[in-house]
Amino acid sequence: MSEYDARGKVNRALLICVDDYRHLRPLPAVRDNPGELERVLLAPGTDLFTQGEVVICRPQEPWEVEQALDAVTQEARGLLLVYFSGHGRVGRDGGNLQLMVGASERRHKTVSWQDTVLSYLDNARADRIVIVLECCYAGNAGEAFHACRTPTSLLMAAQPNRRIFSGEEPTGGSVFTRALRQILEQGISGKQFVTFEDLVRELRDQLAGERTPMGDVWEPRSAKQNTVDDVILSFATPGIRPPTPLRIRLRRRLNTSFRHWFRILMVLAIIAVPATAGVVLLNLPAEAVACPPALELRLLTAPEAEPALRQAAFDYEMSAANTRPLSGEGDLPDGCRRAQITVYSAAKDQVDQGFAAAGRWQGEAHGTGKDGPDDKGIDPLYRPGPQPDIWIPESTADYYEARRGMPAEGSPATLHYSAPVAYTPLVVGIPAHRRLDDVEPAGASWRELLTGTDRTHRDLRLLRPSPVLSGTGLLHTLGLYLAHDGSDAASSGAPDLTLARHAEERLSAPGSQYAGSTELLCSLRPDADAAGSVDRTQSAPLVSEKSLADYNLGRATGSCPALDAPLPLRNRYVAYYPRHVPALDHPLIRVDWHGTRDATPRQAAVAGFATWLRAADGGQRTLTAQGYRGVHGTGPGAGSPLLDSRADVSLLAPTVPFRADPDQVSQVLDGYDKAQKSSQVLILLDTSTSMADGGRLPTAVRAAGRVLEMVGTRHTYGLWAFPDRAHPTDADAVRELVPPGSADPAPGRAALNRIAGGELVEHGAAMEEALTRAVRRMKKSPATNKAIVLILDQDDGAGPARAAGVERTLGTLVEEGPEVPVLVLALGKNGCDTFALQRLADASHGQCVPGGPQAVDTLAGRIASIGTATKGDR
């Protein structure tokens with residue numbers, strides 16, 4: 001897992017601490033927290049924050065917190081650390097966490113975690129945000145946190161629904177913060193620095209012997225959003241500490257030294273000028289020569305490439321290349337960063353829809369966005385995110401597909417294609433103990449691979465990322481259709497539709513598609529315990545070389561964190577390279593937006609970054625160290641995981657450049673679409689009032705909206721809600737908002753908009769009863785492939801009104817034919833960790849997806865596979 005190092009950037013730490021309350025019990029232990037924590041953060045050993053970058057706020061009124069948040073979110077460019085220590089309150093249902101300031105009463109003059117704190121942080125300009133909450137019920141902050149759009153890590157002092165400190169701890173700070181300070185100040189044995197995840201693990205160990213005021217084990221919790229890498233919070237270590245790199249020390253001192261000599265020169269100048277002029281110069285503010293804010297560039301990419309490109313963006317910002325003047329920007333003090341790059345990611349279909357609706361995308365950024373006739377109800381500002389200056393897709397095929405979906409004229413976005421910045425070949429992962437006989441790993445034809453894995457040979461199930469959601473899946477499909485016999489894909493012409501149908505039969509099975517390589521491989525990890533997970537010993541994943549190497553070496557994969565060591569041989573996959581299949585080439589696309597006032601310096605900044613990315617001593621060094629192959633035909637760079645024999649990849653396999661034309665990409669996608677069987681999905685949505693808490697309702701509506709984006713003539717849907725508004729006390733009643741079999745997404749979007757607007761039911765949601773009715777309905781559906789998408793908070797039950805044996809009836813029903821997989825998105829606190837949901841997913845051959853940052857995309861990958869399933873598949 002890569003680590004984000006913020007040294008040398010403009011960082012901020014906001015320490016919000018409240019110990020004196022007018023209407024609530026005082027917290028004397030909190031009094032020393034801010035001063036002691038500031039001392040640690042500014043200590044030379046911590047080596048992250050510098051003088052003036054730590055702000056202490058002791059608020060008596062809510063507006064003081066808002067004012068402090070507004071300041072630090074505008075100023076921070078590297079790391080933004082926000083810490084709160086004080087009282088916390090929640091509603092009766094455990095939601096709507098409120099941070100209490102000095103003037104707070106039980107329900108008045110409070111600071112809303114969701115509406116205030118997260119709103120400010122969501123507009124921050126920092127690369128990374130780390131939040132530490134030390135208050136009662138801090139653990140309840142986790143669910144609303146998943147609505148964030150910025151790369152954020154959240155540390156909660158205790159598990160949900162727990163009070164923590166009594167406020168009577170010894171002086172010197174509260175128990176939690178004392179442990180936090182000790183770790184940041186002294187480091188961790190065997191570690192050269194302390195990362196966010198290191199801190200969480202160490203805090204759990206140190207507090208394992210403590211008890212909350214309720215008598216429970218004290219267990220800090222954590223969550224991450226929009227990031228899979230880690231953040232360094234301290235460079236303290238019990239061992240010999242490496243010196244701070246020279247470039248960082250010089251950068252820190254540069255502005256201070258510059259201001260110092262500037263003042264001396266001003267004094268000398270004053271001697272030679274009239275006294276009146278001298279008065280003016282003596283009072284000249286020092287801030288006039290400080291570095292101005294760097295030009296912000298937004299880089300959009302695929303989820304799989306995001307961690308590596310984040311590291312590349314950071315290395316570029318800290319490099320000498322980023323201190324050269326840009327056209328049209330004028331002179332800047334030496335050493336100031338010219339550009340700052342924000343990296344974010346989205347699934348391929350979301351990117352395509354964003355560019356197709358570029359007018360709304362740009363309009364929303366200015367607050368003028370309107371729904372167009374072809375926008376499909378998408379929200380580009382939420383997903384993919386803010387309009388990009390740079391787009392680095394997984395392959396040139398993704399670029400062709402996005403261009404095909406854009407209007408011929410009138411779009412405010414113009415895409416400028418340029419050369420690739422990194423390569424990674426496509427591979428088929430074969431279980432290490434089931435290698436294919438007489439098949440050459442470094443160059444087998446797809447025909448040989450399909451034969452070697454069929455029922456009469458290794459009997460392996462081929463798993464592919466969705467071509468709709470993933471660039472890896474699209475390029476694997478292109479290679480499979482165009483280079484089936486091992487010939488050059490670029491010279492093979494249009495795909496054979498009969499061949500495409502035969503190929504899809506080998507890839508089709510419920511749940512066989514995923515949102516990307518890393519998410520697919522995460523589901524195959526030995527430690528994966530999600531309900532309905534696939535058998536890795538019987539599976540052959542179609543992924544990229546880099547993602548397979550990361551998997552085998554135990555590195556962070558999708559939402560799966562890094563392991564302590566590489567996987568043992570019995571759990572690894574060996575890479576087989578389909579012959580003449582083009583590699584992912586990651587082209588850099590400059591995105592120009594009509595009407596941009598700073599277009600000239602922005603284009604120059606993009607060009608500078610692109611040049612650095614392709615330089616052997618610049619970005620190529622970073623990207624090859626992450627596991628990519630270079631653009632100059634050179635071998636893996638120092639530190640590359642591809643050099644580790646346990647990665648089980650072959651450096652003899654060539655890198656095949658992408659040479660297919662746009663027409664071939666379109667033909668492959670059309671052939672893929674025609675090879676799919678008809679499908680029908682019934683969305684069963686929990687609309688009880690508890691869904692409105694903790695940011696669950698927006699996630700539920702987005703997930704249902706992704707289903708609507710996939711419907712068409714052959715892929716139909718229905719939308720039911722439970723409980724029924726007209727019969728709220730009837731456990732068996734559901735509200736049939738859209739009947740099954742509809743191909744028009746408009747009624748579904750309208751119903752979801754009403755639900756999002758608060759059309760909920762004040763009654764427990766009886767999941768088993770509603771699902772029993774849905775399964776019976778779908779068993780009668782004539783569709784070849786069908787599934788139920790169940791989106792719920794948790795099973796609130798129906799109390800005494802529950803029919804006897806309903807769980808047994810449902811269990812028997814899902815096991816009977818015909819098969820109807822149940823795909824569950826569980827947004828409750830326990831996620832999929834309940835016996836009922838696990839049994840339901842297993843018995844129906846479906847899948848359970850727990851709520852989290854990637855939940856909607858993960859569910860979309862499962863839904864995309866429904867139309868590929870055929871009778872008789874494994």
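Heads up: numbering here begins at 1 and tracks the sequence. Excluded from the calculations below are hydrogen atoms, water molecules and symmetry mates; all remaining heavy atoms, backbone and side chain alike, are included.
Here Trp446 pairs with nothing under the ring pair (Phe, Tyr, Trp, His ring centres under 6.0 Å) rule; sequence neighbours left out. Partners of Glu296 according to the side chain to side chain donor-acceptor pair (under 3.5 Å) rule, which considers only residues two or more places apart in sequence or in another chain, are Thr342.
Within the model, atoms OH of Tyr316 and CG of Leu299 stand 12.0 Å from one another, a figure rounded to the nearest 0.5 Å. Atom CG of residue Asn322 and atom CH2 of residue Trp612 lie 9.5 Å apart, to the nearest 0.5 angstrom. Separation of atoms CG (Leu426) and CG (Leu584) is listed at 4.5 Å; rounding is to 0.5 Å. Atom OG1 of residue Thr596 and atom CG of residue Asp592 lie 7.5 Å apart, to the nearest 0.5 angstrom. Rounded to the nearest 0.5 Å, atoms CD1 (Ile390) and CZ (Phe609) are 5.5 Å apart. Expressed to the nearest 0.5 Å, how far OH of Tyr717 lies from CG of Leu708 amounts to 5.5 Å.
Val72 is not listed as a side-chain neighbour of Tyr120, based on a closest heavy-atom distance of 4.5 Å or more. The shortest side-chain heavy-atom distance between Thr414 and His416 falls under the 4.5 Å cut-off. Between His586 and Pro420, the closest side-chain pair of non-hydrogen atoms is not below 4.5 Å. When side chains are defined from C-beta on, Arg128 does not count as touching Ser153, because their heavy atoms never get closer than 4.5 Å. Residues Lys348 and Glu401 have side chains in contact (heavy-atom distance under 4.5 Å, counting atoms from C-beta outward). Within the 4.5 Å cutoff, the side chain of Ser470 has heavy atoms near those of the Glu394 side chain. Side-chain contact between Arg464 and Thr477: present, with at least one pair of heavy atoms (C-beta onward) separated by less than 4.5 Å. Side-chain atoms of Val668 and Leu482, non-hydrogen and from C-beta on, do get closer than 4.5 Å to each other.
We find that Arg310 and Asp127 are not joined by a salt bridge, their nearest charged nitrogen and carboxylate oxygen being 4.0 Å or further apart. Under a 4.0 Å N-O distance rule, the pair Lys546/Asp550 qualifies as a salt bridge.
Side chain to side chain, Arg404 and Tyr400 fail the donor-acceptor criterion of an N or O pair below 3.5 Å. At a cut-off of 3.5 Å, with distance as the only test, no side-chain donor of Glu545 or Tyr423 sits close to an acceptor on the other residue. Side chain to side chain, Asp663 and Gln667 fail the donor-acceptor criterion of an N or O pair below 3.5 Å. For the residue pair Gln311 / Thr622, no side-chain donor-acceptor distance below 3.5 Å is found, with atom types taken as modelled.
Note on ring orientation: taking the six-membered ring where Trp is involved, the planes of Phe355 and Trp391 are tilted (angle from 30° to 60°).
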Before you tell me yes or no, could you show the steps for Val591 and Leu415 under side chain to side chain contact (heavy atoms under 4.5 Å, CB included), namely the whole-Å CA-CA distance, both residues' side-chain angles and the distance that decides it to 0.1 Å? CA-CA 5 Å; Val591 186; Leu415 306 184; 3.9 Å; yes
Determine, step by step, whether Arg706 and Ile863 satisfy the side chain to side chain contact (heavy atoms under 4.5 Å, CB included) criterion, reporting the C-alpha distance in whole Å, the side-chain angles of both residues, the deciding distance to 0.1 Å, and the verdict. CA-CA 9 Å; Arg706 288 299 294 275; Ile863 294 167; 5.8 Å; no
Working note: Asp398 + Leu474, criterion side chain to side chain contact (heavy atoms under 4.5 Å, CB included); need CA distance, chi angles, decisive distance, verdict. CA-CA 8 Å; Asp398 298 352; Leu474 171 59; 3.5 Å; yes
What verdict does the side chain to side chain contact (heavy atoms under 4.5 Å, CB included) test give for Val665 and Leu478, after you've listed the backbone C-alpha separation in whole Å, the side-chain angles of each residue and the deciding distance to 0.1 Å? CA-CA 7 Å; Val665 175; Leu478 188 146; 3.7 Å; yes
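A salt bridge (Lys or Arg N to Asp or Glu O under 4.0 Å) with Glu75 is found for one member of Arg12, Lys9, Arg125 and no other, namely Arg12. Under the side-chain contact (heavy atoms from CB on, under 4.5 Å) rule, Val543 has a single partner from Thr424, Val427, Thr518, which is Val427.
Residue pairs meeting the salt bridge (Lys or Arg N to Asp or Glu O under 4.0 Å) criterion with at least one member in residues 594-614, sequence neighbours excluded: Asp389-Arg602, Asp598-Arg602.
Smallest separation of non-hydrogen atoms from Ser544 and Ser517: N-OG, 3.5 Å. Taking every heavy atom of both residues into account, Pro465 and Thr472 meet most closely at CG-CG2, 4.3 Å. Between Leu613 and Leu588, the shortest heavy-atom distance links the atoms CD1-CD1, 3.8 Å. Taking all atoms of both residues into account, the shortest heavy-atom contact from Ala625 to Pro641 is O-CD, 3.4 Å.
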